[in-house]
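These values consider heavy atoms only, across backbone and side chains, with no hydrogens, waters or symmetry-generated copies.
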Amino acid sequence: MKRIAILLMSLLLMNSCNQPLPEMKGELRHVVTFKFIPEATKDQVNRLIEDFAGLQQQIDLVKSFEWGLNVSPEGYDKGMTHVFLLTFKNEKDRDLYLIHPAHVAFGRKHGQLIEDSVVVDYKAE
C-alpha cells in the first residue's frame, strides 16, 4: 500500500513538472529566422536587431521578445543565422502586430538586408 501511494505521488509530481505555467499555456509564439544578404555589414545587422527588439516598446501587443544566433549542429538551418521569438496573447494580437505601422516601417527599413526568412507560429501547449 505504501509503495502504491509513493508511486502515485511520484507520477503526479512528474506530470505536474511537465505542465507549462498556466499563464503561458495557449499563448502564441511567433518564430522568425533570417538569412542576411552577403553584403550586410555587422553594423547593419546590429541595427536591425536593436530595431526589432525596440518593437516591443512601440507595440504593446508583444508580450515578450528574445533573440539569439543559430547554434544548431544539425545542418538543417537553410542558412538562417538569427532567430527571434515573440510572444503574443493570441492570434488576434499577432495579426494586429503584423499590420502595425511600427512593424511595417521596420520591414521597409531593413527588408533589403534579408536574403531569406522562415516564419512559423505555434500555440504553447
Original post:
Given the rule in the side-chain contact (heavy atoms from CB on, under 4.5 Å) test, do Y97 and V62 qualify, once you have shown the distances and angles that lead to the verdict?
Top reply: CA-CA 8 Å; Y97 160 82; V62 180; 3.8 Å; yes
**OP:** Kindly determine whether D51 and H110 satisfy side chain to side chain donor-acceptor pair (under 3.5 Å), including the steps that lead there.
**Re:** CA-CA 9 Å; D51 288 351; H110 297 290; 2.7 Å; yes
Treat each ILVMFWY residue as a node, draw an edge where side-chain heavy atoms are under 4.5 Å apart, and state whether [X] and [Y] are in one component.
X: F36; Y: V119; value: yes
X: V104; Y: L96; value: no
X: L69; Y: L48; value: yes
X: V83; Y: L113; value: no
X: L28; Y: V31; value: no

**OP:** For T33 and V118, indicate whether the former's side chain and the latter's backbone hold a donor-acceptor pair under 3.5 Å.
**Re:**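 Yes, because the side chain of T33 sits within donor-acceptor range (under 3.5 Å) of the backbone of V118.
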Original post:
Is there a donor-acceptor pair closer than 3.5 Å between any side-chain N or O of Q56 and the backbone N or O of K63?
Top reply: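 Pair found, side chain donor or acceptor close to backbone of K63.
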Subject >> Test of ring centre spacing under 6.0 Å for H82 and F34 >> reply: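 Not under 6.0 Å, so no.
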Closest heavy-atom contact between [X] and [Y]?
X: F106; Y: F52; result: CE1-N, 3.5 Å
X: E39; Y: Q44; result: O-OE1, 3.9 Å
X: K123; Y: G26; result: CE-O, 3.1 Å

As an exercise, state the distance from [atom1] of [X] to [atom2] of [Y], rounded to the nearest 0.5 Å.
X: I59; Y: L98; atom1: CD1; atom2: CG; result: 9.0 Å
X: M80; Y: K35; atom1: CE; atom2: NZ; result: 7.0 Å
X: H30; Y: S64; atom1: NE2; atom2: OG; result: 12.0 Å
X: E91; Y: E27; atom1: CD; atom2: CD; result: 12.0 Å
X: W67; Y: I49; atom1: CH2; atom2: CD1; result: 3.5 Å
X: D116; Y: I37; atom1: CG; atom2: CD1; result: 12.5 Å

Original post:
Less than 4.0 Å between a side-chain N and a carboxylate O, is that true for D121 and R94?
Top reply: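 A salt bridge links R94 with D121.
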Original post:
Would you call E50 and R47 a salt bridge, using N to O less than 4.0 angstrom?
Top reply: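 Looking at E50 and R47, the cut-off is met.
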Subject >> Partner residues of K92 under the salt bridge (charged side-chain N to carboxylate O under 4.0 Å, His left out) criterion, sequence neighbours left out >> reply: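 Per chain and number, K92 pairs via salt bridge (charged side-chain N to carboxylate O under 4.0 Å, His left out) with no residue.
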**OP:** Evaluate whether atom NZ of K89 has more than 12 neighbouring non-hydrogen atoms of other residues, nucleotides or ligands under 6.0 angstrom away.
**Re:**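 No, because the 6.0 Å sphere around NZ of K89 holds 12 heavy atoms or fewer from other groups.
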